[in-house]
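See below for the structure under consideration.
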Protein chains: 2
Amino acid sequence: MENITTPQTSASSAKVLNVDLQLCFALYSASLSMTKTYKPLLAKLKLTYPQYLVLLVLWEKDGLTVNSIGERLFSDSGTLTPLLKRLEKIGLIQRQRAIEDERKVIITLTEHGKLLQTQAADVHTQVACSTGCTLTELKELNSQLILLRTSLINKLVTP
Amino acid sequence: MENITTPQTSASSAKVLNVDLQLCFALYSASLSMTKTYKPLLAKLKLTYPQYLVLLVLWEKDGLTVNSIGERLFSDSGTLTPLLKRLEKIGLIQRQRAIEDERKVIITLTEHGKLLQTQAADVHTQVACSTGCTLTELKELNSQLILLRTSLINKLVTP
DNA sequence: CACAATTATATTGCACACAATTTAATTGTG
DNA sequence: CACAATTAAATTGTGTGCAATATAATTGTG
């Protein structure tokens with residue numbers, strides 16, 4: 001689309017414009033496409049993708065606080081509180097204040113919530129197939145995105 | 001985190017679970033981080049990232065219909081109509097029905113909207129720097145994400 | 001030309017994402 | 001111990017993202 005003649009040192013030149021711009025959009029649109037791919041599969045379990053992420057965290061380690069879940073998923077109480085209330089409403093989790101520190105809310109899976117893990121197992125596989133990527137590709141892309149995310153988050157806190 | 005012993009043919013094994021799971025989440029969280037990186041930069045221009053994307057499209061080619069913009073950005077009227085109304089409200093674009101086909105709404109940049117392009121030029125560069133990637137890396141990641149997106153979208157229409 | 005089908009946008013409703021503020025509990029300090 | 005500071009969630013408000021539906025204009029067909 002445009003010819004980049006900048007040397008391969010760092011992405012600081014004005015010529016970078018379109019490349020980085022394209023990357024951001026590629027990231028943004030690929031992420032939305034991924035969510036759309038998950039949607040019909042998760043709909044069978046009556047879940048949204050963010051709700052599914054919370055369950056993944058809880059299936060790995062149950063009884064976490066809202067904050068711990070938020071740290072794992074890079075989101076805060078403004079997002080999590082209403083989401084968790086919905087998960088509670090459909091009977092997948094329980095929310096209860098910690099006895100030793102009543103500021104904390106402990107999230108626990110119900111039996112139904114635990115059982116859902118088995119049904120959800122297929123979901124991953126189907127999405128992985130839809131990516132059309134090999135395992136190696138998935139793993140490489142994964143590492144690159146994690147590096148990118150780390151870089152972006154670090155620049156956020158210390159600009 | 002877990003040992004994958006599946007051969008490198010396709011991502012269809014049950015062992016894939018956590019890897020693809022990580023990729024989807026890496027994509028999701030990297031995309032959100034990117035938006036957060038843009039946020040303070042775009043706030044100076046009183047823009048959100050999706051609004052900025054619409055302007056990018058219009059700066060490239062003005063006078064498009066809602067649909068054309070939607071095709072470019074992979075989004076529909078449900079998202080675009082309110083977004084475009086906000087851009088109109090802050091005086092960056094104009095919305096007017098096409099005279100030859102009154103179902104269509106033509107989006108045109110105002111003078112203010114055109115002038116904003118200059119001020120927005122810095123934004124790309126700053127975000128590119130925050131990625132901590134070289135140009136080569138940005139370009140490669142970009143291509144991979146486009147491939148991934150294409151694959152996902154194709155699987156969506158023909159499952 | 002009437003009228004069903006199609007097309008383009010708008011509307012509605014729900015679920016995030018996130019900044020900013022509030023509330024309530026706990027901790028630290030004099 | 002009182003009280004300011006801190007911490008953990010919840011709340012509020014704005015802006016998407018998207019499915020489903022509605023509305024209005026245009027096109028295709030008999």
Side-chain angles (χ1 to χ4, degrees), chain A residues 25 28-40 42-43 45-55 64-71 73-90 93 95-107 153 156, chain B residues 25 28-40 42-43 45-55 64-71 73-90 92-93 95-107 152-153 156:
Chain A
F25 178 61
Y28 178 77
S29 53
S31 174
L32 292 180
S33 301
M34 185 69 85
T35 308
K36 273 189 209 172
T37 305
Y38 267 107
K39 185 163 269 197
L42 291 175
L45 312 178
K46 310 265 186 194
L47 291 176
T48 64
Y49 182 62
Q51 287 168 5
Y52 168 73
L53 287 179
V54 168
L55 291 179
L64 295 173
T65 64
V66 174
N67 249 344
S68 326
I69 298 173
E71 277 172 24
L73 301 179
F74 302 93
S75 58
D76 68 347
S77 71
T79 301
L80 287 176
T81 298
L83 188 157
L84 291 169
K85 285 186 177 172
R86 281 177 212 112
L87 285 181
E88 185 180 40
K89 203 172 210 171
I90 59 179
I93 64 161
R95 296 172 344 114
Q96 52 203 0
R97 294 274 167 187
I99 29 176
E100 79 281 6
D101 185 344
E102 293 222 335
R103 291 172 304 181
K104 295 180 181 174
V105 171
I106 307 292
I107 309 296
I153 291 177
L156 273 178
Chain B
F25 177 61
Y28 177 79
S29 53
S31 173
L32 292 181
S33 302
M34 184 70 86
T35 309
K36 271 189 209 171
T37 304
Y38 267 107
K39 185 164 269 196
L42 290 176
L45 313 178
K46 310 265 186 194
L47 291 175
T48 65
Y49 183 62
Q51 289 169 4
Y52 169 72
L53 287 179
V54 168
L55 290 179
L64 294 172
T65 63
V66 175
N67 248 344
S68 327
I69 297 173
E71 278 172 22
L73 300 179
F74 301 94
S75 60
D76 68 346
S77 71
T79 300
L80 288 176
T81 298
L83 188 157
L84 291 169
K85 284 186 177 172
R86 282 178 209 111
L87 286 181
E88 187 180 38
K89 203 171 210 172
I90 58 179
L92 297 178
I93 63 162
R95 297 174 342 117
Q96 51 202 1
R97 292 276 167 186
I99 30 176
E100 80 280 5
D101 185 344
E102 293 222 335
R103 289 171 307 180
K104 295 180 181 174
V105 171
I106 307 292
I107 308 296
L152 291 172
I153 291 178
L156 275 178

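Letters A, B, ... are given to chains in the order of the sequence lines, protein chains preceding strands, and every chain is numbered from 1.
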Does [X] place a side-chain N or O at less than 4.0 Å from the phosphate oxygens OP1/OP2 of [N]?
X       : N      : value
B:Ser77 : C:dT9  : no
A:Lys85 : D:dT11 : yes
A:Asn67 : D:dT7  : no

Does [X] reach a base, just sugar-phosphate, or nothing at all? Heavy atoms under 4.0 Å.
X       : answer
A:Thr65 : sugar-phosphate
B:Thr48 : sugar-phosphate
A:Arg86 : sugar-phosphate
B:Thr35 : nothing
B:Leu83 : sugar-phosphate

Consider the side chain of [X], meaning its heavy atoms from C-beta on, and name the nucleotide among [options] that approaches it most closely.
X        : options                : result
B:Lys104 : C:dA8, C:dC18, C:dT26  : C:dA8
B:Pro50  : D:dT16, D:dT26, C:dA10 : D:dT16
B:Thr79  : C:dT9, D:dA9, D:dT16   : D:dT16
A:Leu32  : D:dA10, C:dA10, D:dC18 : D:dC18
B:Arg95  : D:dA9, C:dT26, C:dA10  : C:dA10

Expressed in angstrom and rounded to an integer, what is the separation of [X] atom [atom1] from [N] atom [atom2]?
X       : N      : atom1 : atom2 : result
A:Ile93 : D:dA9  : CD1   : P     : 13 Å
B:Leu92 : D:dG15 : CG    : C1'   : 16 Å
A:Phe74 : C:dA19 : CZ    : C1'   : 19 Å

Secondary-structure string, 5' to 3', Watson-Crick or G-U under 3.5 Å, | for another-strand partners, for DNA chain D: ||||||||||||||||||||||||||||||

Derivation and outcome, side-chain contact (heavy atoms from CB on, under 4.5 Å), residues A:Leu45 and A:Tyr52: CA-CA 9 Å; A:Leu45 312 178; A:Tyr52 168 73; 5.6 Å; no

5'-most by nearest nucleotide on DNA chain D - B:Gln51 or A:Pro82: A:Pro82

Residue closer to the 5' end of DNA chain D, A:Lys39 versus A:Arg103 (nearest nucleotide):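 Result: A:Arg103.
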
Closest non-hydrogen atom pair between B:Arg95 and B:Lys85, with its separation: NH2-CE, 3.6 Å

